[in-house]
Number of protein chains: 2
Amino acid sequence: MSTPNVAPFSSIRLDKYSPNPIYLQIAEGIGELLKSGVLPAGYVLPPERALCEQFGISRMTLRQAMGLLDREGLIESRRGRGTVVTPARLRKQEQELKSFSEEIRDRGGRPESRLISLELTVPGESVRDFFELRDQQKVYELLRLRLKDGDPLALELVRIPERLCPGLERFDIAKNSLYQILEESYGLRLENCIEEISAEAPTSKLRKLLALPRNAAVLVVNRKTFAEDGRAVELTRSTYRGDQYSAVVRSVRKKKPILRISTSS
Amino acid sequence: MSTPNVAPFSSIRLDKYSPNPIYLQIAEGIGELLKSGVLPAGYVLPPERALCEQFGISRMTLRQAMGLLDREGLIESRRGRGTVVTPARLRKQEQELKSFSEEIRDRGGRPESRLISLELTVPGESVRDFFELRDQQKVYELLRLRLKDGDPLALELVRIPERLCPGLERFDIAKNSLYQILEESYGLRLENCIEEISAEAPTSKLRKLLALPRNAAVLVVNRKTFAEDGRAVELTRSTYRGDQYSAVVRSVRKKKPILRISTSS
DNA sequence: CTAGAACAAATGTCTATACAACTTGCAGCA
DNA sequence: TGCTGCAAGTTGTATAGACATTTGTTCTAG
């Protein structure tokens, strides 16, 4: 149990003329102290009123900042007792939508991509329904081999409606991230996806492409991606080498009520 | 685009003497209207000041309620414009930690369990490190066959330190949910888990147990479960029939800043 | 010595208000 | 006609204070 001490907070400088509101500056400042470990897990924060005085702000404003930190699971407050720093492993961490390249890089690998084919075709019924297309509206079908550190890791079949990105074939898809092209050149801001992960035995064709050892399985990820406005953007089937790749998922136990105050930009 | 209309909100009754605070009552009331579809996606909520007057509360209190709804992705506010109801598919939905039984039931199946063995053993090094055990401290090893609608679906190996649940063998584990026993009889409140999902080719023993067809793969889920206080509680390896089961994951694109106010109980 | 009362300290809830920043539509002017 | 600028409406940010509720401690009465 550490003693509340105002000293570490003096490093936080408020800029009254910043475009960022005060409560955000406070939250970011304290958040830094928490994430960097300057304030260790179990540390008892000074009472709200002391911090208000320290920063020269009103209590509601401070509580707005504390709400953000609480929402991230960085601190935990209890009425009558005080506010303590949460141990790192209890902090929240949302499942994050990443492109193949982003994910491989996060895992410390070097991603690479080889375009096998790019076609513009009339989709089957299920794909057409998913994208809510009319008859004869086409979709791009992108077949790519994905590599990590030079070795084949996955085969990826991407489907995107032509309507959302006309002229996609003019981009150098092997060089640039597909997500980057969609976001920057077509203004499609991806927001969330749903993935269905299953296991299959590989076909012989796939065995060759991925250089699979005998008796290996593949991990199949079917991803549906949606834009901020809710439109379906992408339907992708990725087939990973089962001996080289695994998906990581983090879940939380459902609570009865809702939680705490924070603020939106 | 619908016209703001105060009428639907008159169904919300506030109880000044309820143990639940006003802002929670408001959030739950409006949340009901949103989730039930009484207020459809795209509906423009009355301005905050109108709602304040309607409910007879101050604006800050109303905004506390709105913050909760925003945090759940049920509504979206824009400065200068107003607040609209979010379409269902854009609403947030946290990845939820479920037991096998809970998950199968949610998918509309009938879960069943057959205990194959229950041993109390001294664990190997990696397991001991994970649970932070001293030499000679033991763990329960539970091997169960899991069935859905009478058919084998998965083989599950659960490891739990004896220290956390001494006398576990006295419970009828086939009948009762293990999670329920841990929570209700040992006070272990599970909070989150991390799962690593991979694909493998089954061993011949596994092929028999799960009645796997020729040339089928298995989906392997390694789950680490933690309690509210951060202690490691459970280490489980589940092996599912690849042709019968798939995992579903929902991810969101990372935003730059943080979001909005809400409150903790 | 203990049980209970009183108190102090901390967070939780709520009010009433003021001003800032953004959006939209409209009036008025060139 | 077309553009500018303004006014009204809406959400975002911030203040200062009051009281409620919970927890832990201290003091007192028995």
Side-chain angles (χ1 to χ4, degrees), chain A residues 1-4 6 14-28 43-71 75-86 257-265, chain B residues 1 3-4 6 14-28 30 43-71 75-86 257-265:
Chain A
M1 198 74 76
S2 1
T3 320
V6 169
L14 298 185
D15 175 5
K16 216 181 153 180
Y17 302 100
S18 159
N20 290 343
I22 306 277
Y23 74 88
L24 227 187
Q25 296 177 45
I26 302 258
E28 283 172 349
Y43 176 90
V44 178
L45 295 184
E48 296 176 351
R49 285 180 170 89
L51 286 175
C52 293
E53 199 176 350
Q54 159 103 12
F55 292 123
I57 61 176
S58 92
R59 191 161 156 241
M60 286 301 278
T61 302
L62 180 81
R63 282 182 59 77
Q64 212 163 347
M66 303 293 268
L68 289 179
L69 299 174
D70 179 298
R71 176 148 139 29
I75 59 175
E76 197 177 339
S77 301
R78 290 217 191 139
R79 180 185 294 198
R81 291 225 247 160
T83 303
V84 301
V85 178
T86 310
I258 335 182
L259 290 181
R260 201 206 225 261
I261 312 200
S262 70
T263 323
S264 109
S265 58
Chain B
M1 200 73 75
T3 320
V6 168
L14 298 184
D15 176 5
K16 218 181 152 182
Y17 301 100
S18 159
N20 290 342
I22 305 280
Y23 74 89
L24 227 187
Q25 296 178 45
I26 302 256
E28 283 172 350
I30 299 183
Y43 175 90
V44 178
L45 294 184
E48 295 177 351
R49 284 180 171 88
L51 286 175
C52 293
E53 198 175 351
Q54 159 103 12
F55 292 123
I57 61 175
S58 95
R59 193 166 154 235
M60 288 302 278
T61 302
L62 180 82
R63 282 181 59 77
Q64 212 164 347
M66 303 293 268
L68 288 178
L69 300 173
D70 180 298
R71 175 148 139 32
I75 59 175
E76 197 177 338
S77 300
R78 290 216 191 141
R79 178 184 295 195
R81 290 226 241 154
T83 302
V84 301
V85 179
T86 310
I258 335 180
L259 291 181
R260 200 206 226 261
I261 311 198
S262 73
T263 323
S264 108
S265 58

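Just so we're on the same page: letters track the sequence lines, and every chain starts at 1.
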For [X] and [N], what is the distance between atoms [atom1] and [atom2] respectively, to the nearest whole Å?
X	N	atom1	atom2	value
B:Q64	C:dT13	CD	C1'	7 Å
A:L45	C:dA9	CG	P	19 Å
B:F55	C:dT15	CZ	P	13 Å
B:I26	C:dC14	CD1	C1'	12 Å
A:Y17	C:dA20	OH	C1'	14 Å
A:D70	C:dT13	CG	P	11 Å
A:R63	C:dC14	CZ	C1'	11 Å
B:L14	C:dT15	CG	C1'	15 Å

Exercise. Is there a donor N/O on one and an acceptor N/O on the other, under 3.5 Å, for the side chain of A:R59 and the base of C:dG12?
Worked result: yes
Exercise. Measuring from B:L69:CG to B:Q64:CD, what's the distance to the nearest 0.5 Å?
Worked result: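 That separation rounds to 12.0 Å.
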For this session: Quick one: pull up CZ in A:R63 and CG in A:D70 and give me the separation to the nearest 0.5 Å.
Result: 9.5 Å
Tell me which nucleotide among [options] gets nearest to the side chain of [X].
X	options	answer
A:P47	C:dT11, D:dT11, C:dC14	C:dT11
B:Y23	D:dT11, C:dC14, C:dG12	C:dC14
A:M60	D:dT11, D:dA16, C:dG12	D:dA16
B:R79	D:dT13, C:dT13, D:dA14	D:dT13

Exercise. Does some side-chain heavy atom of B:L14 sit less than 4.5 Å from a side-chain heavy atom of B:I57?
Worked result: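 Touching, per the 4.5 Å side-chain cut-off.
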Problem set entry | Check: A:S18 and A:Q25 side chains under 4.5 Å, non-hydrogen atoms | yes
For this session: Would you mind telling me which residue lines up with the more 5' stretch of DNA chain D, A:T61 or B:R81, judged by nearest nucleotide?
Result: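 This one resolves to B:R81.
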Exercise. Of A:N20 and B:G82, whose closest DNA chain D nucleotide lies nearer the 5' terminus?
Worked result: B:G82
For this session: For C:dT11, take OP1 and OP2 only and decide whether either is under 4.0 Å from a side-chain N or O of A:T83.
Result: yes
For this session: Would you classify A:R49 as touching base, sugar-phosphate or nothing, given that sugar-phosphate means primed atoms plus P, OP1 and OP2, and contacts are heavy atoms under 4.0 Å?
Result: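 Answer is base: heavy atoms of A:R49 come under 4.0 Å of a base.
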Seminar exercise, completed: Contacts of B:L62 and A:G80 projected onto DNA chain C by closest heavy atom; the upstream (5') one is A:G80
For this session: Please determine which of B:T86, B:T83, B:V85 meets the side-chain contact (heavy atoms from CB on, under 4.5 Å) test together with B:E76.
Result: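 Of B:T86, B:T83, B:V85, side-chain contact (heavy atoms from CB on, under 4.5 Å) with B:E76 is met by B:T86 alone.
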